[in-house]
Amino acid sequence: MIEMINVYKKYPNGIVAANGIDVEIKQGEFVYVVGPSGAGKSTFIKMMYREERPTTGDILINGVNLATLKANKVPYLRRQIGVVFQDFKLLPRLNVYENVAFALEVIEESPKVIRKRVMEVLELVGLKHKARMFPTELSGGEQQRVSIARSIVNTPKLVIADEPTGNLDPETSWEIMNIFEEINARGTTIIMATHNREIVNTMRHRVIAVEGGLITRDEYGGEYGYEG
Ligand SMILES: Nc1ncnc2c1ncn2[C@@H]1O[C@H](COP(=O)(O)OP(=O)(O)O)[C@@H](O)[C@H]1O
Ligand SMILES: [Mg+2]
């Protein structure tokens with residue numbers, strides 16, 4: 001599903017955040033991306049949804065090369081990838097339902113399909129009863145649930161999450177992880193940058209460690225392996 005071939009990324013300030021990355025990720029995998037701050041984790045995953053472009057190298061997603069993908073094709077790519085952030089990034093003026101429905105409205109789905117699909121994903125994340133509430137009325141964990149619902153409402157085959165439990169307490173983090181497990185169990189590929197050692201060491205999945213813009217470890221069922 002995803003293949004990176006000799007990917008190198010130098011930012012305009014001269015920092016090299018990817019220094020020759022080769023990796024292959026198959027449909028249905030659950031992958032943790034671990035490593036110290038500044039290691040290049042976010043850059044690694046941002047390149048998968050074309051938030052950043054590699055300086056050199058190729059990134060194939062289902063055969064489409066993101067390195068050369070035309071700008072006018074990027075919105076189409078993004079619709080096939082769900083993205084979840086540490087800070088949720090919900091639209092504050094929209095309620096829960098509207099935040100989730102938004103992704104379907106832009107592709108002009110019929111109101112009937114939108115309603116059905118939004119309620120399905122809100123049910124999956126346990127927030128059907130709060131559909132009319134606004135982000136400021138929700139806890140951090142609930143906001144992250146909304147953001148996960150939004151990420152999957154388009155039924156993407158790939159969900160990318162950048163430290164999705166980074167702002168949440170341990171108990172809430174486990175609840176959020178259970179939702180990601182459920183999404184993965186339904187066949188969706190999950191790629192998640194995380195600093196949560198407890199979670200990585202308990203819910204075992206493939207672990208890709210990044211340091212200095214390089215993959216230093218890649219193990220199925222691996223451990224977190226860092227102190228910090
Ligand atoms: N937009 C950017 N412009 C310049 N340098 C950046 C940018 N984004 C990240 N960097 C630098 O690239 C390196 C890797 O950053 P990042 O991918 O965010 O690492 P991580 O997510 O592992 O903390 C860091 O040195 C960071 O300062
Ligand atoms: Mg990061």
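The first residue of the sequence shown is numbered 1, and numbering continues consecutively from there. All ligand and atom numbering here is 1-based and tracks the order in the structure.
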Undergrad: Before accepting this row, confirm whether a basic side-chain N of the pair Lys130/Glu142 lies closer than 4.0 Å to the acidic partner's carboxylate O.
TA: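 Salt bridge between Lys130 and Glu142, a charged N being under 4.0 Å from a carboxylate O: yes.
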
Undergrad: Which ligand 1 atoms are under 4.0 Å away from a heavy-atom of Pro36?
TA: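 Counting atoms of ligand 1 from 1, those under 4.0 Å from Pro36 are 22 (O).
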
Undergrad: Using heavy atoms and a threshold below 4.0 Å, how should the contact between Thr43 and ligand 1 be classified: side chain, backbone, both, or neither?
TA: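 Both backbone and side chain.
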
Undergrad: Thinking salt bridges, do Glu223 and Arg197 make one under a 4.0 Å N-O criterion?
TA: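 So Glu223 does not pair with Arg197 through a salt bridge.
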
Undergrad: Counting from 1, what ligand 1 atoms have a heavy atom of Ala39 closer than 4.0 Å?
TA: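 Heavy-atom distances to Ala39 below 4.0 Å select 19 (O), 20 (P), 22 (O).
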
Undergrad: Could you find the nearest protein heavy atom to atom 10 (N) of ligand 1 and give me its residue, atom name and distance?
TA: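 Looking at atom 10 (N) of ligand 1, the protein heavy atom closest to it is Tyr11 CE1, 3.4 Å.
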
Undergrad: Would one find an N or O of Asn13, backbone or side chain, under 3.5 Å from an N or O of ligand 1?
TA: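 For ligand 1, there is an N or O atom that lies under 3.5 Å from one belonging to Asn13.
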
Undergrad: Please say whether the positively charged group of Lys9, taken as NZ for Lys or CZ for Arg, lies over the ring of Tyr11, i.e. under 6.0 angstrom from the six-membered ring centre and within 45 degrees of the axis.
TA: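 Judged by the rule (NZ or CZ under 6.0 Å from the ring centre, within 45° of its axis), Lys9 counts as positioned above Tyr11.
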
Undergrad: In the protein, which heavy atom is nearest to atom 19 (O) of ligand 1, and how far is it?
TA: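 It is Gly40 N, 3.1 Å.
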
Undergrad: Are Lys89 and Phe85 in a cation-pi contact, defined as NZ or CZ under 6.0 Å from the six-membered ring centre and within 45° of the axis?
TA: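 Judged by the rule (NZ or CZ under 6.0 Å from the ring centre, within 45° of its axis), Lys89 counts as positioned above Phe85.
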
Undergrad: Using a cut-off of strictly less than 2.8 Å, determine whether Ser37 has an N/O/S atom near the Mg ion (ligand 2).
TA: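 Checking the Mg ion (ligand 2) against Ser37, no N, O or S atom falls under 2.8 Å.
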
Undergrad: Note the single closest protein heavy atom to atom 11 (C) of ligand 1, along with its residue, its atom name and the distance in Å.
TA: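 Scanning the protein heavy atoms, the shortest distance from atom 11 (C) of ligand 1 goes to Ile15 CG2, 3.8 Å.
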
Undergrad: Atom CD of residue position Glu123 - does it have more than 12 heavy atoms of other residues, nucleotides or ligands inside 6.0 Å?
TA: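 No, not enclosed.
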
Undergrad: Considering Gly14, Gly213, Gly38 one by one, which has a heavy atom nearer to atom 14 (C) of ligand 1 than any of the others?
TA: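 Ranked by closest heavy atom to atom 14 (C) of ligand 1, first place is Gly38.
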
Undergrad: Using a 3.5 Å distance criterion without hydrogens, assess whether the side chain of Arg50 forms a donor-acceptor pair with backbone atoms of Leu69.
TA: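 Side chain of Arg50 to backbone of Leu69: a pair is present.
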
Undergrad: Taking distance alone, with no angle check, do Phe44 and ligand 1 share an N/O pair under 3.5 Å?
TA: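 So ligand 1 has no N or O lying under 3.5 Å from an N or O of Phe44.
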
Undergrad: Can you see whether Glu29 engages Thr189 through a side-chain donor-acceptor pair at a distance of less than 3.5 angstrom?
TA: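 Note: Glu29 and Thr189 side chains miss the donor-acceptor criterion.
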
Undergrad: Under 4.0 Å, counting heavy atoms only: does Ser37 come that close to any atom of ligand 1?
TA: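 So Ser37 counts as touching ligand 1.
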
Undergrad: Any sub-3.5 Å donor-acceptor pair from Arg53's side-chain atoms to Thr68's backbone N or O?
TA: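 No, because the side chain of Arg53 does not come within donor-acceptor range (under 3.5 Å) of the backbone of Thr68.
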
Undergrad: Quick one: look up the protein heavy atom nearest atom 18 (O) of ligand 1 and list residue, atom name and how far away it is.
TA: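 Checked against all protein heavy atoms, atom 18 (O) of ligand 1 sits closest to Ser42 CB, 3.6 Å.
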
Undergrad: So, is the end of the Arg132 side chain (NZ or CZ) under 6.0 Å from the ring centre of Tyr97 and within 45° of the ring's axis?
TA: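 Yes, a cation-pi geometry holds between Arg132 and Tyr97.
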
Undergrad: Where's the contact between Ala193 and ligand 1, heavy-atom distance under 4.0 Å: side chain, backbone, both or neither?
TA: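 No part of Ala193 comes within reach of ligand 1.
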
Undergrad: Look at atom 26 (C) of ligand 1 and say whether a protein heavy atom is found at less than 4.0 angstrom from it.
TA: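 No, there is none.
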
